[in-house]
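What follows is a short report on a single structure.
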Amino acid sequence: MSISESKTLVIRNGTLIDGSGAAAAANTAVVIQGNRISSVGELPGGVNLEDTDKVDVIDASGQWIMPGLIDGHCHLSFGMPAVQGYASARGTINPGFSAIRAATNAQTILRSGVTSVSIPGGTWFIEVGLRDAINAGLMEGPRIYTAGRFIITYGSIADSEPSWVGAPEHTYGVLANNVTDMITEVRRQTKHGVDFIKLADSTWGDTQTIAKEEISAVVEEAHRRNARISIHSRGAGSTKAAAEAGVDWIMHADLATEAELYAVAEAGVRIMPTMTFLFEALEVGKEKGRSDAELDIIKRNADNAVTVLQTARSLGVQVMSGTDTGNSPVMPYGVLHAHEAEVMVKFGGYTPLEAITASTKDNAYSVGMEGELGVIEAGKLADLLILDADPLDDIRVLQGGKHLNSVIKDGRRVDLSAQPEDEIVLALP
Ligand SMILES: [Zn+2]
């Protein structure tokens, strides 16, 4: 059935949190035609609710309607869930298996109420393929906006092998130790259809591994090819360099000093603190095999991230919401995508309404759809959730899909019954 022939969908009588930042309000009808919202408010004259051949009605009395969540930082193909018998979480050397596993991960995410994800890096070009398969209607999944493998130098995150081994294709970094190699990699990745380029500095931010001139060169080449650019940058030095070089957004920035954040504000660059991962690692990292030394570093970055979040907000830096789900065994799919909103409320002084706006309207930027997505308004894309509890009363209502009655993506209702109850651990054949 083509979109023009599909039924009109009407959501009646819910409390509407429209994602724009406006206060929640009682709503008579949200009308969806094809994959877009056609009206919000009074039921339009032309829609006959009795005509069940043409109209589907959801009664949302006593429930809450809001835009689908957007997780601005998710990885689908790093190798989660873990495979028994594999020492490393970093995936397998089998691209086909990895692609199919990533596809199941994408479905888990969608069924937890996340209708869009921004993916700053994966293995091979798996997420590019997934994005295209979902857009072509081959499978159900969230909207995907994706980078390829991180562009890294020696000493950057994901440079995990000795130099004589390099960075094999099944890992999520690709070594480029000079401007020429970086530009070649930008060209290769854009040829293969990435939406944005992911540069990556050092793991925890203690050293700066990419020079400002190198970042500038990558920004220029990526933008010339209509790709955006983001950078994994935690530390002093790299965050300021990235802001001045004109990257589109900075991930983490959790060791940034106040002076660095001034530079970020001055440049008008967005940041995505991605604190969920830090807090989750502190919570369950030990049992998942993280060393005490690493947890000490994570504690340092988490503490500083709280200061960064508050300072960035006071300087007027636009803060986006991302979790780093799928980056390691501490970050399972479908569970933690709304935890960043809780962190914003708990530590950043956000109201639940502001945290929802950050996770919907503001996060549309992270999937390249600002103005199209993240707000329930006539003309916007129809990605919506219906909840049986009030997220403004308790922001944790959004977590893990536990309070979802409906997920609507692109105007279609998602089948939530297929969701497995427990975390999956795959066994090798
Ligand atoms: Zn990440």
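Counting starts at 1 for both ligands and their atoms, following the listed order. In this text, all values refer to a predicted model and were calculated from it rather than measured experimentally.
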Open item on the list: Would you say OH of Y262 has more than 12 non-hydrogen atoms from neighbouring residues, nucleotides or ligands within 6.0 angstrom?
Closed with: no
Open item on the list: Do S77 and T123 pair up side chain to side chain, a donor and an acceptor below 3.5 Å, judged on atom types alone?
Closed with: yes
- [ ] Could you please compute the angle at the Zn ion (ligand 1) from NE2 of H73 to NE2 of H75, rounded to 10°?
- [x] 100°
Open item on the list: How close do G400 and S112 get, counting heavy atoms only, and between which atoms?
Closed with: C-CB, 4.5 Å
Open item on the list: Taking 2.8 Å as the cut-off, does H232 contribute an N, O or S atom near the Zn ion (ligand 1), distance below it?
Closed with: no
Open item on the list: Would R188 and F125 count as a cation-pi pair here, with the cationic atom under 6.0 angstrom from the ring centre and within 45° of the axis?
Closed with: no
Task: Closest approach to the Zn ion (ligand 1) by D324, given as the N, O or S atom name - done: OD1
